[in-house]
Amino acid sequence: MKPVHFVVTAIALLVLPLLGYGVWTALSQREQVAGGSAVDSQARIEIENLNQQILGLQEQLVALSNQIDSLGIDQAALPEDVPSSAENPAADTQSAIPRDGENRIAGDYATVVLIANRRNVNKGQTVGSSAFLEGFLGRPRKVLTDDCEGMDNPKLQAMLVVDTVGPVKVQMLRPAVESLTRVFEKVRAVDQDLYDRINTSGSLCVRRIRGTTDLTSTHSFGLAIDLNIDGHLDGFADGRTQLGLTILADFFHEEGWVWGAGFSREDSMHFEVSRATLEAWRAAGKI
């Protein structure tokens, strides 16, 4: 193990806080756009770039640490001065630590990236459980199977709407369609390119949650939609998502929806109306 490797580690430790500051700065700039009501897509891209750099540095630190441990180097025995062969550690640092990370995501909304701080993406929003939704709205269908079927609850059927909303066609409850319309209008106003690339893999699907005997899926109530970019479906439970979905998630959160990226079994294509929003709709006589 050359002493320069310790220099690389030290430099990496110094760079990590700077990248963290960069993420904070980009977030602050984004919150200033339109009084925090809109999302600056370029800021989100910069944030994701910084996230990828941080992840690359963390992996490098782990690799260096493991290398040091395996060799059993006594750091106290190393010379205090850096040898002449390593007088310019910048060159080694550039080759050891990736500057831009592995993902080139600028302008590519379908690019798959890691979900940063996944457990906190919904920032206090909570889902309506199956029991809550059935008590709140009634059971959408008496008998549930693993297959998508229609509603047989007349009250819910009366609120069901089939319509083209923004770039996608949906079948959802009327207030959910109205809410989704507001989301897409804001997306189009801020980022036409992203708006044009939004696709869906389904909304209404009356069935039980797979793997259960009788728990009703949120899709059964016409309160959820699965979205993707360019028709490319995102994988389940891999901690990753498409860059475009991370941008959309901010718009949905502002409208009072929950993003499936924060679920125990991550499902980042999934967006559903939060419990608090449903209760607000009930108070306003919308549902």
Side-chain angles (χ1 to χ4, degrees), residues 20 22-52 54-55 103 105-127 165-168 170 176-201 203 218 223-230 232 234 239-263 266-278 280:
V23 172
W24 177 85
T25 301
L27 283 170
S28 299
Q29 292 173 346
R30 188 196 66 185
E31 291 299 328
Q32 294 171 5
V33 176
S37 63
V39 176
D40 184 342
S41 299
Q42 184 58 43
R44 169 63 75 179
I45 291 171
E46 292 172 359
I47 291 167
E48 293 300 340
N49 262 321
L50 288 168
N51 283 335
Q52 300 306 306
I54 290 171
L55 291 169
N103 294 324
I105 61 179
D108 188 356
Y109 296 121
T111 300
V112 176
V113 297
L114 288 168
I115 304 170
N117 200 21
R118 185 174 74 79
R119 290 296 190 175
N120 295 314
V121 293
N122 290 308
K123 304 172 187 176
Q125 295 281 16
T126 58
V127 300
V165 181
V168 300
V170 301
V177 170
E178 294 170 352
S179 179
L180 189 61
T181 299
R182 290 191 293 271
V183 169
F184 286 148
E185 285 176 349
K186 291 177 182 178
V187 174
R188 180 166 56 180
V190 172
D191 194 334
Q192 181 72 46
D193 179 64
L194 173 59
Y195 174 88
D196 291 339
R197 297 171 68 177
I198 297 171
N199 208 320
T200 181
S201 52
S203 50
T218 311
L223 296 171
I225 186 169
D226 290 338
L227 298 175
N228 62 74
I229 307 300
D230 297 340
H232 303 307
D234 182 62
R240 297 174 180 270
T241 190
Q242 294 167 319
L243 172 61
L245 295 183
T246 71
I247 299 172
L248 290 178
D250 290 332
F251 289 92
F252 276 98
H253 183 268
E254 182 183 14
E255 185 65 24
W257 292 53
V258 171
W259 187 25
F263 292 175
E266 173 262 308
D267 181 6
S268 67
M269 292 194 299
H270 179 90
F271 296 88
E272 68 176 71
V273 180
S274 71
R275 175 169 176 163
T277 298
L278 288 172

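What you see is a predicted model, and the numbers here were worked out from it, not measured in a lab. Counting from 1, the numbers follow the sequence of the chain as shown.
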For the side chain of [X] and the backbone of [Y], is there at least one donor-acceptor N/O pair under 3.5 Å apart?
X: Thr277; Y: Gly256; answer: yes
X: Glu272; Y: Leu223; answer: no
X: Gln242; Y: His232; answer: yes
X: Ser274; Y: Val258; answer: no
X: Thr200; Y: Asp226; answer: yes
X: Arg118; Y: Phe263; answer: yes

task = Applying side chain to side chain contact (heavy atoms under 4.5 Å, CB included), run through Leu194 and Leu248 and close with a yes or a no.
result = CA-CA 9 Å; Leu194 173 59; Leu248 290 178; 4.1 Å; yes

task = Answer yes or no: is there an ion pair linking Glu255 with Arg182, defined by an N-O contact shorter than 4.0 Å?
result =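 Yes, this pair counts.
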
Answer whether the closest heavy-atom distance between the side chains of [X] and [Y] falls below 4.5 Å.
X: Leu227; Y: Met269; result: no
X: Ser179; Y: Val273; result: no
X: Val121; Y: Asn117; result: no

query = Taking the inter-plane angle between the rings of Phe252 and Phe271 on a 0 to 90° scale, is it parallel (under 30°), tilted (30 to 60°) or perpendicular (over 60°)?
reply =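 Rings of Phe252 and Phe271: parallel, under 30°.
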
If I compare all heavy atoms of [X] with all of [Y], which pair ends up nearest, and what's the gap?
X: Val177; Y: Val170; answer: CG2-CG2, 4.1 Å
X: Thr218; Y: Ala224; answer: CG2-CB, 4.0 Å
X: Ile198; Y: Pro167; answer: CB-CG, 3.8 Å
X: Thr241; Y: Ser268; answer: OG1-OG, 2.7 Å

task = Check step by step if side chain to side chain contact (heavy atoms under 4.5 Å, CB included) holds for Trp259 and Asp250.
result = CA-CA 9 Å; Trp259 187 25; Asp250 290 332; over 6 Å; no

task = Take Val190 and Ile247 through the side chain to side chain contact (heavy atoms under 4.5 Å, CB included) test and state the conclusion after the steps.
result = CA-CA 11 Å; Val190 172; Ile247 299 172; over 6 Å; no

